[in-house]
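Because the structure is predicted, anything quoted here is derived from the model rather than measured.
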Amino acid sequence: MLDVRDLSLRYGQSQILHGIDLEARKGEITAVMGTNGVGKTSLLKAIAGRHPFTSGSIHLDGRDLGHPSAVAAARAGIAYVPQGREIFPLLSVTENLETAFACLPAKERSIDGRILELFPVLRQMKDRRGGDLSGGQQQQLAIARALVTRPKVLLLDEPTEGIQPNIIQQIGDVISLLREEGEISIVLVEQYFDFAVRLADRFTVLTRGEVTHQTTKEALDAEDLLAKVSL
């Protein structure tokens, strides 16, 4: 389980996150929701070691990760799929997947065939350059690259942004399957309300860098949640 406690983060003189508590359980999807600019991406970057946080703690399976670098977070089992995907445009699909090897021990540096079963288009396009893929195909490649690291935690930042509906459905199906397998904690930042509500087991709403609402699927009032994330 990923356990974030009292996490605060600053950019220069501006405080972006204020004492965030977040729990992401194994075999569940935790959706982080809110309007633009409330700190959702900053939270994922802090967890992934992309931006140092000023106070608080991150524990994974009971182990305090301290203030991890991006490499340390990845080696601990945290995989981050950023908004914008960050695909290497001149590398092939296979080479993009292989960049994930950097955080793995030498004996684990292989691409599990199951990943290509989840995203069959990547097998078909394994020799095509990343920059030649459509936006939806690049998003599938970014998620597949994260899975190559065999993560305990998968952080997804706006996976549906700018993607055609049929690919959104495919990505949603993969996320659901990963949840059902029960081996990964998934944290989903998502503006597409129906997508998040359909998939998530837990919901955390951020407003101006603070947690203002948390609920579970069982206790969910969708209309109330929509009102809270639209403010």
May I have all residue pairs that pass salt bridge (charged side-chain N to carboxylate O under 4.0 Å, His left out) and include part of residues 80-91, sequence neighbours excluded?
-> Arg50-Glu86
Tell me every residue that passes side chain to side chain donor-acceptor pair (under 3.5 Å) with [X], counting only those two or more places apart in sequence or in another chain.
| X | value |
| --- | --- |
| Ser185 | none |
| Glu190 | Thr160 |
| Ser42 | Tyr11 |
| Asn36 | Gln191 |

Whether the side chain of [X] engages the backbone of [Y] through a donor-acceptor N/O pair (distance < 3.5 Å, no angle test) should be reported.
| X | Y | result |
| --- | --- | --- |
| Glu161 | Glu158 | no |
| Glu95 | Ser92 | yes |
| Thr149 | Ala100 | no |
| Gln138 | Gly130 | yes |
| Lys40 | Val205 | no |
| Asn96 | Phe88 | yes |
| Ser8 | Ser55 | no |

Please table the atom pairs, donor to acceptor, closer than 3.5 Å between any side-chain atom in residues 67-80 and protein atoms at least two apart or in another chain.
residue: His67; atom: NE2; partner: Phe53; partner atom: O; Å: 3.3
residue: Ser69; atom: OG; partner: Ala72; partner atom: N; Å: 3.1

Got a second to check how far [X]'s [atom1] is from [Y]'s [atom2], nearest 0.5 Å?
| X | Y | atom1 | atom2 | value |
| --- | --- | --- | --- | --- |
| Phe203 | Leu225 | CZ | CG | 6.5 Å |
| Gln214 | Thr216 | CD | OG1 | 10.5 Å |
| Leu118 | Leu147 | CG | CG | 7.0 Å |
| His59 | Asp3 | NE2 | CG | 7.0 Å |
| Thr41 | Asp157 | OG1 | CG | 3.5 Å |

Kindly state each residue pair satisfying side chain to side chain donor-acceptor pair (under 3.5 Å) with at least one member in residues 101-110, sequence neighbours excluded.
-> Ser110-Arg150
Return each pair, listed once, that meets side chain to side chain donor-acceptor pair (under 3.5 Å) where at least one residue sits in residues 174-183; pairs must be two or more places apart or across chains.
-> Arg114-Glu181, Arg179-Asp201
Taking salt bridge (Lys or Arg N to Asp or Glu O under 4.0 Å) as the definition, give me every residue that meets it alongside [X], ordered by chain and number, with sequence neighbours left out.
| X | result |
| --- | --- |
| Asp173 | none |
| Glu28 | Arg202 |
| Asp132 | Arg129 |
| Lys45 | none |

Could you go step by step and tell me if Asp6 and Ile20 meet the side chain to side chain contact (heavy atoms under 4.5 Å, CB included) rule?
-> CA-CA 5 Å; Asp6 200 27; Ile20 301 295; over 6 Å; no
[X] side chain near [Y] side chain, heavy-atom distance below 4.5 Å:
| X | Y | value |
| --- | --- | --- |
| Arg208 | His18 | no |
| Arg128 | Leu133 | yes |
| Phe119 | Gln170 | no |
| His51 | Leu9 | yes |
| Gln140 | Ile167 | yes |
| Val153 | Leu60 | yes |
| Thr215 | Asp221 | no |
| Leu2 | Asp61 | no |

Are [X] and [Y] in one and the same hydrophobic cluster, where Ile, Leu, Val, Met, Phe, Trp and Tyr link if side-chain heavy atoms are under 4.5 Å apart?
| X | Y | value |
| --- | --- | --- |
| Tyr192 | Ile171 | yes |
| Phe101 | Leu91 | no |
| Ile29 | Val229 | no |
| Val38 | Leu156 | no |
| Met33 | Leu7 | no |

Specify the closest pair of heavy atoms between Arg25 and Glu23, including all atoms of both residues, with the distance to one decimal.
-> NE-OE1, 3.0 Å
Between Thr54 and Arg10, what is the shortest heavy-atom contact and its length?
-> CG2-CG, 3.7 Å
Report the C-alpha separation of Leu188 and Thr30 in whole Å, then their side-chain angles, then the decisive distance to 0.1 Å, and conclude whether the side chain to side chain contact (heavy atoms under 4.5 Å, CB included) test is met.
-> CA-CA 6 Å; Leu188 171 69; Thr30 300; over 6 Å; no
Could you walk me through whether Leu141 and Leu97 pass the side chain to side chain contact (heavy atoms under 4.5 Å, CB included) check?
-> CA-CA 7 Å; Leu141 176 56; Leu97 294 173; 3.6 Å; yes
Does a donor on one side chain sit under 3.5 Å from an acceptor on the other, for Asp64 and Ser57?
-> no
Would Asp194 and Arg198 pass as an ion pair if we require N to O under 4.0 Å?
-> no
So, applying side chain to side chain contact (heavy atoms under 4.5 Å, CB included) with [X], which one of [options] is it?
| X | options | result |
| --- | --- | --- |
| Arg145 | Ile115, Ile87, Val81 | Ile87 |
| Ile186 | Leu155, Leu199, Ile175 | Ile175 |
| Leu22 | Ile58, Val4, Val211, Leu206 | Val4 |

Would Ile168 and Phe195 count as a side chain to side chain contact (heavy atoms under 4.5 Å, CB included) if you check the C-alpha gap in whole Å, the side-chain angles of each, and the deciding distance to 0.1 Å?
-> CA-CA 9 Å; Ile168 290 175; Phe195 183 85; 3.7 Å; yes
